[in-house]
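Quick notes on the structure that follows.
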Amino acid sequence: GCVGGKSAAACKDSLEGPYCVLCQEGAGYYYDKDRSECMVCTTYSKFITIIGVLAGLFGGGLIMGILIYYCSLPANKCKPKRRSVRWAWEVLRSLMVKLKIAWSFYQIATLIPAVYHVTMPAQVAEVLNFFRLAIEVDAWGIYFSCYGMGGLYFQIVF
């Protein structure tokens, strides 16, 4: 996003911020890392994001509600009507812990090349790029600045 040259600290016309990655236009625009410029948010992407988030929350809430109905949260007080529900609850709890550990690891590992300015071997770079796409919200086409959460504060928080 920086212009470079003699005025190396200057950003492109539509960009601002410490790293020239914030859009001057504000809400309704997002920074595209590939093009290094601000793009207009489309209505289509907003609706798809909202529908996806609501469907995910509803589905997750429904599954958790069913499991909580059959089992109280402590594992030793679980009184399911069927053994399969208890087994599903134990598997879900185990997977949540493992997923949390893996998520945290790959959040850190995907930033190693950028933070330490090192070049990874091709196979490692491919794996890290795959997980970067899975972890970063921007890679899914969800830009918080399209929802009025632009600016430096929200860039740091999210």
Side-chain angles (χ1 to χ4, degrees), residues 1-69 73 88-89 91-158:
C2 295
V3 177
K6 292 181 181 178
S7 59
C11 297
K12 288 183 178 178
D13 291 337
S14 63
L15 300 173
E16 64 183 4
Y19 295 106
C20 300
V21 294
L22 301 175
C23 297
Q24 286 182 348
E25 291 86 1
Y29 292 85
Y30 68 93
Y31 177 73
D32 188 347
K33 292 179 184 178
D34 297 329
R35 297 181 183 175
S36 294
E37 60 185 37
C38 288
M39 305 296 290
V40 178
C41 300
T42 61
T43 308
Y44 176 75
S45 65
K46 287 183 182 181
F47 287 127
I48 293 297
T49 302
I50 292 171
I51 289 170
V53 167
L54 290 177
L57 288 173
F58 179 76
L62 186 65
I63 290 170
M64 291 304 292
I66 290 170
L67 289 174
I68 289 173
Y69 175 75
L73 290 177
W89 177 250
V91 167
L92 181 66
R93 287 181 58 197
S94 174
L95 285 176
M96 288 182 350
V97 169
K98 292 173 184 170
L99 182 65
K100 182 179 177 183
I101 292 169
W103 186 276
S104 300
F105 169 76
Y106 283 111
Q107 275 184 319
I108 295 167
T110 57
L111 293 176
I112 288 174
V115 171
Y116 294 108
H117 303 290
V118 296
T119 303
M120 295 290 194
Q123 292 102 352
V124 176
E126 288 177 21
V127 170
L128 292 179
N129 192 37
F130 169 78
F131 284 106
R132 183 190 65 81
L133 291 175
I135 291 172
E136 286 185 9
V137 176
D138 290 351
W140 290 89
I142 301 170
Y143 302 100
F144 290 110
S145 58
C146 293
Y147 302 98
M149 294 187 285
L152 188 60
Y153 173 76
F154 288 105
Q155 187 180 12
I156 293 171
V157 171
F158 293 108

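Among residues two or more places apart in sequence or in another chain, the ring-ring contact (aromatic ring centres under 6.0 Å, His included) test is passed with Tyr30 by Tyr143. For Ser104, there are no side-chain contact (heavy atoms from CB on, under 4.5 Å) partners, not counting sequence neighbours. Looking at residues two or more places apart in sequence or on another chain, you find a side chain to side chain donor-acceptor pair (under 3.5 Å) between Ser94 and Lys98.
Thr110 and Leu128 get closest at one heavy-atom pair: CG2-O, 3.4 Å. Heavy atoms only, all atoms of each residue included: Cys11 and Glu16 are closest at SG-CA, 4.1 Å. The two atoms that bring Asp13 and Gln24 nearest to each other are O-OE1, 2.8 Å, heavy atoms only. Among all heavy-atom pairs drawn from Ser14 and Cys38, the shortest one is O-SG, 3.5 Å. Nearest approach of Ile112 to Met120, heavy atoms of both residues: CG2-CE, 3.5 Å.
Rounded to the nearest 0.5 angstrom, Phe58 CZ and Ile63 CD1 are separated by 10.5 Å. The distance from atom OH of Tyr31 to atom CE of Met39, rounded to the nearest 0.5 Å, is 12.0 Å.
Using a 4.5 Å heavy-atom threshold, the side chains of Val40 and Glu25 count as separate.
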